[in-house]
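A quick write-up on the structure given underneath.
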Amino acid sequence: MTDNRESIYDKIYKIVRQIPEGKVSTYGRIAEIVGGKTGARMVGYALNHAHLDETIPAHRVVNRNGLLTGKAHFHPPELMQQLLENEGFVVENDKIMNFEENLWPEI
DNA sequence: ACAATGACTCCTC
DNA sequence: TGAGGAGCCATTG
């Protein structure tokens, strides 16, 4: 927010935007990439503001279980699952089944 | 400055 | 196996 370096949100947005199509990532993973003291909660908090930016594929970010925890914040909530399924993901019971195979970044 | 909240994660029962 | 509580960092009132 302040002019101090890039806010953690800026970093998080950058990372999320770098997620290639057909891939997904987790909050904790992004937090690790961002480094610093940023925690998984901050990633989710940042994405909460991200919904204002269409360039941020927030639907590709799920919790470590692959569960669509943030689907309720979409317009409509089903949009998240739709987008994921549209990219070739198998979403069942609000959970991505093959997210581990398409997890990003590649370890 | 303090307390409360949140799209998380981990540990324990 | 499933449910509950604590820890975690940053933002907001």
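Labels below follow one simple rule: chain letters A, B, ... track the order of the sequence lines, proteins then strands, and each chain is numbered from 1.
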Any residue meeting salt bridge (Lys or Arg N to Asp or Glu O under 4.0 Å) with Lys14(A), in chain and number order, not counting sequence neighbours: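 Partners of Lys14(A) under the salt bridge (Lys or Arg N to Asp or Glu O under 4.0 Å) test: Glu6(A).
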Residues that Glu32(A) engages under salt bridge (Lys or Arg N to Asp or Glu O under 4.0 Å), provided they are two or more places apart: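 Checked Glu32(A) against salt bridge (Lys or Arg N to Asp or Glu O under 4.0 Å); zero matches.
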Salt bridge (charged side-chain N to carboxylate O under 4.0 Å, His left out) pairs, two or more places apart, involving residues 88-101 of chain A: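 Passing the test, one end in residues 88-101 of chain A: Lys71(A)-Asp94(A).
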Pairs involving residues 39-56 of chain A, ordered by first then second residue, that meet salt bridge (charged side-chain N to carboxylate O under 4.0 Å, His left out) (sequence neighbours left out):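 Of all non-adjacent pairs touching residues 39-56 of chain A, those that pass salt bridge (charged side-chain N to carboxylate O under 4.0 Å, His left out) are Arg17(A)-Asp53(A).
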Under 4.0 Å protein heavy-atom contact, by nucleotide of nucleotides 6-13 of chain B - B base, S sugar-phosphate only: BBBSS---
Nucleic acid contacts - residues 86-97 of chain A versus DNA chain B, non-hydrogen atoms under 4.0 Å: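 The answer is none.
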Without placing hydrogens or testing angles, list every side-chain donor-acceptor pair under 3.5 Å for residues 72-85 of chain A, not counting sequence neighbours.
{"unit_1": "Gln81(A)", "atom_1": "NE2", "unit_2": "Glu85(A)", "atom_2": "OE2", "d": "3.2"}

side-chain contact (heavy atoms from CB on, under 4.5 Å) against Ile33(A), all qualifying residues, sequence neighbours excluded: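 Only Ile15(A), Arg29(A), Trp104(A), Pro105(A) meet the side-chain contact (heavy atoms from CB on, under 4.5 Å) criterion with Ile33(A).
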Sugar-phosphate only, base, or nothing, as touched by Ile8(A) at under 4.0 Å among non-hydrogen atoms: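 Sugar-phosphate contact only.
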ILVMFWY clustering at 4.5 Å (side-chain atoms), partners of Leu52(A):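 Cluster partners of Leu52(A): none, it stands alone.
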Salt-bridge contact Glu87(A)-Arg60(A) (side-chain N to carboxylate O under 4.0 Å):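 Yes, charged N to carboxylate O under 4.0 Å.
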